[in-house]
Amino acid sequence: VTFRKGKTPRRPGPKKGSNVEKDPVGVYCRIRPLGTEDQECCVEMISNSTIQLHAPDGLKANRNGEFKEMQYSFKKVFGINTTQMELFEDIGRPLVEDLIHSKNGLLFTYGVTGSGKTYTMTGSPGEGGLLPRSLDLLFNSIGPFQAKRFVFKPDDKNGMEIQSQVDALLERQKRDSQQSVPRTPSSRLKADPEFADMISPEEACKCDNVDDDCCYSVFVSYIEIYNNYIYDLLEDAPFDPIRPKPPQSKLLREDQNHNMYVAGCMEVEVKSTEEAFEVFWKGQKKRRIANTQLNRESSRSHSVFTVKLAQAPLDADGDHILQDKNQVTVSQLCLVDLAGSERTSRTRAEGSRLREAGNINQSLMTLRTCIEVLRENQMYGTNKMVPYRDSKVTHLFKNYFDGEGKVRMIVCVNPKADDYEESSLVMRFAEMAQEVEVARPVDRPICALAAGRRHRNQAFRDELSRRLEERGNSNNAEDPGLLNQLIESLPPIPRCELVDPADDQTLPNLIEVLERRHHIRQMITEQFNQTANMLRSKLQQFDSQIGTRETFIQNQQSKISEKDKVILNQRSEIDRLEKKSKTLEYKIDILQKTTDMYEQDKRSLQLELETREQRLQKELSERRRMEQRMQGMVTDTKLKWEKECERRVNAKQLEMQNKLWVKDEKLKQLKAIVTESNSSCSAERPQRPSRERDRDRNMGQKRSASPSPVTPPVRPTHRRSHSCGGEKWVDHKPSTNLDLDTVMQPILPNAIKVSTPNEKALSKCHKYVLRHQELASDGEIETKLIKGDVFKTRGGGQAVQFTDIETLKQENPTAPRSQSLEDEWRGTESTLKSSVKFTLSVLVLVQCVFCWCCHLPTLPKEPKLVQ
């Protein structure tokens, strides 16, 4: 048997029909007003669905230098005068209505930092955003039909369970008894001042087409995605002042329906708009915001506020919820406030701010890539994999793009000229996102029970209460427990099914039971009449007493009405002062935050200034020390080289004097030889000993002036380079050297030729030579062979100690020479040529001397090898 390792098969997702209707992603645009009137504007609203971008002054949009104007179309464009209510009616209200009808929805704001995304989603006191208005519409619509707490309970797997009335009551009692456990916020608590006046009573609205045969419960959760990690903002972590623990990140999971959810996220059941506001504000205080160059309160994370609505139908009597988990329908609306994209060159972010900006831009880039791949797959019929898993944002909402609900996007634009380039990128992305189509969600029926069950049950209860009230026992009608006890006290009705025509027991038993029930009802009726008569007599007595008191009450009511008017006036004044106080508190809070930010900036700038001053003083002192040290080194080096130059000049002068003396002696000897040859040309060949004695005598006369140097050889056959030897050489020839094609070239056997010296080549050799070319004063190129010994250092490296320099120079024989000694040599040469005709012996001698003289160099400034 052969086992082959393969990948774990992926569970097949829900198959969708090929004829599924699709809707494009709804993209809206909202333009933020300018901060000041003197700012340059680069966005213009052409119509209610088109905007135009103008390039700001100083920016060349194309090569011709003309300003290029771009137009972008959206489903609808909201101008600077659009109110929050108008925005909600067009975008938020349809999503809430779909939520009530068991359909999912996703709404997120997208744009550059500082473009008004958080204001659009949250709002401000008196100008509530999409989130508070959506919650207000939801609770106004389902308020009378909400189930009691803990009837619906999350199962921690993105689903809901139904508990009985008894289990729900025990859960409520357990929550009330355990004070240490964090309790669900109560609607009776006072809301935060910043959310107290979010929505005015005149702007309250509700949906009309709500199914009253269902019971509803609302659960909210609030998470943030920070640096591509998910954190629960509603989680109550235990506070440890000694060793505080950082918040734990959450993981994404997939439920049985292949929908993504955050595992371990806290879901809070809320019963009113105020309670939901309180939960939202609790999480909002934990959200990460920071001060940047572009925004004082910049969101540093993506926030996701999820509203989950659980609904289940009532039973056939309309009294209780069906205890069937399969009949529970859960829908959710995700309100996402994406962090703004930003350029670090503008924000000048450093440290953690730089890392946050990088993760924000990376997640937004992944969102754009997913939209592009979806668009390409739909337009060209390709089947490329959409990279949802590259970011937590796209991975969490991938089901919406696969057809699990409506997707709506609000593009917020700041029209100032500084954001022109970023705004153009946002516009292109938004226009591309409109071409992506999402499958339209289908209606999901709840059950097949008859409609109007709740209404019929309520009508029956009202009628029963009215009849009991007519009989004078309204108190008992209000007590359903007593009524149920009365019904249960009657004898039970036996089985009434006839299966045999000869059955003579069923009908008599039924008649007997009905007679007993009738007898008990008569007894109850008699008792009821007696009690009613007794109560009627008591009521007549009370009526006589009440008559006298009504006159007194009327007098008191007239006085109370006057007091009520005074109280009403005072209450209106108190309400006005409370609103004013809340507004001032909100402004004071904003000013306090701004002041704290400025003080923090001031302290950081002062600290940075002190640090830079200390660094500057340290650098100045270091520079002064370095200057003093360099001055001392320059002085010492100058004195050293002055002494060295003086020593070299003296040595060179002595050497040149010796060479001039030798050449003068040789010249005089040649003159004497030529003169002697001319005088004895007709005579016999002179004897060598006499000539040698004359020469010795002449040299002896001059020897007292200077010591006689060693005479060089008459004709050296070859001039070998000093670099030739048995050692191994590193021949360093730079790539910039020129080939002179001279006859005499230095020959280096066993040499490693390199253009750049390295430690590997030096470690294998004992000698080093550098071929250096430079331009001489006469315009010719001269090559210097700089030689040295290679030895190892203590650190294990290689070092070179230079020991000798050879100079190779090429001269032009046709060039004029300025030395007088050279002219004198030319005269001697002509004289020698004329004397060659007389004698063969003198000719041989003169030729030898001449050849030896031609190899003598002219008087150079330093020793050279002439090629």
Side-chain angles (χ1 to χ4, degrees), residues 32-41 80 109 111-127 129 192-198 224 226-227 233 244 280-303 337-361 412-420 422-423 580-617:
R32 172 183 173 171
L34 288 171
T36 57
E37 296 180 357
D38 57 348
Q39 284 185 340
E40 184 181 0
C41 180
I80 59 176
T109 55
V112 186
T113 180
S115 58
K117 300 183 296 300
T118 304
Y119 174 77
T120 300
M121 185 62 68
T122 306
S124 62
E127 291 290 336
D192 290 285
E194 296 189 17
F195 288 95
D197 296 330
M198 275 287 184
E224 71 169 354
Y226 176 73
N227 287 340
L233 296 177
F280 170 76
W281 185 242
K282 174 185 175 183
Q284 187 72 6
K285 292 177 181 178
K286 297 180 181 180
R287 190 182 176 188
R288 292 174 172 87
I289 60 173
N291 178 17
T292 64
Q293 293 287 339
L294 303 181
N295 194 354
R296 279 290 176 186
E297 295 183 1
S298 176
S299 301
R300 311 310 297 169
S301 62
H302 310 298
S303 66
D337 182 12
L338 295 177
S341 59
E342 59 187 33
R343 290 188 178 182
T344 54
S345 59
R346 293 185 60 196
T347 58
R348 298 176 184 175
E350 296 178 355
S352 59
R353 298 288 89 81
L354 181 61
R355 182 188 176 195
E356 293 167 355
N359 285 292
I360 291 171
N361 294 335
C412 299
V413 182
N414 194 341
K416 66 179 182 179
D418 295 338
D419 293 343
Y420 170 75
E422 289 85 351
S423 298
K580 186 176 180 181
S581 175
K582 291 175 182 177
T583 305
L584 293 175
E585 287 178 358
Y586 177 70
K587 292 181 178 179
I588 289 171
D589 192 10
I590 293 177
L591 292 175
Q592 185 65 32
K593 290 181 179 178
T594 307
T595 304
D596 295 340
M597 290 179 182
Y598 277 118
E599 289 180 354
Q600 186 177 0
D601 292 345
K602 181 181 177 182
R603 287 194 297 269
S604 61
L605 289 174
Q606 286 179 352
L607 182 61
E608 184 178 1
L609 181 61
E610 292 176 357
T611 305
R612 291 190 177 183
E613 286 181 353
Q614 293 177 1
R615 191 183 304 167
L616 181 60
Q617 293 294 335

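Sequential numbering from 1 along the given sequence is applied to the chain's residues. Heavy atoms only: backbone and side chains are in, while hydrogens, waters and symmetry mates are out.
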Distance in Å, T122 OG1 paired with E127 CD, rounded so as to fall on 0.5 Å steps: 13.5 Å

Listed partners of T611 passing side chain to side chain contact (heavy atoms under 4.5 Å, CB included), at least two apart: L607, R615

With L34 via side chain to side chain contact (heavy atoms under 4.5 Å, CB included) - residues at least two apart: Q39, C41, P415, K416

Separation of E40 CD from D418 CG (nearest 0.5 Å): 8.5 Å

Minimum-distance pair of heavy atoms, taken over all atoms of I360 and H302: CG2-CE1, 4.2 Å

Shortest non-hydrogen contact between A339 and S301, atoms and distance: CB-O, 3.7 Å

Residues in side-chain hydrogen bond (donor to acceptor under 3.5 Å, both in side chains) contact with T109, at least two apart in sequence or another chain: D337

Step-by-step side-chain contact (heavy atoms from CB on, under 4.5 Å) determination, D419 to S115: CA-CA 9 Å; D419 293 343; S115 58; over 6 Å; no

Value rounded to 0.5 Å, distance of OH in Y226 from CD in E356: 3.5 Å

Side chain to side chain contact (heavy atoms under 4.5 Å, CB included) partners of Q592, counting only residues at least two apart: D596

Closest contact, heavy atoms only, V112 versus S423: CG2-N, 4.2 Å

side-chain hydrogen bond (donor to acceptor under 3.5 Å, both in side chains) against E608, all qualifying residues, sequence neighbours excluded: R612

Heavy-atom donor-acceptor pair, K282 side chain to L233 backbone, under 3.5 Å: no

Stepwise side-chain contact (heavy atoms from CB on, under 4.5 Å) test for S124 and Y586: CA-CA 10 Å; S124 62; Y586 177 70; 4.1 Å; yes

T118 OG1 to L338 CG distance, which is reported to the nearest 0.5 Å: 10.0 Å

Spatial distance of atom OG1 (T595) from atom CD1 (I588) [nearest 0.5 Å]: 11.0 Å

Atom pair NZ/CG of K582 and D589 - distance to nearest 0.5 Å: 15.0 Å

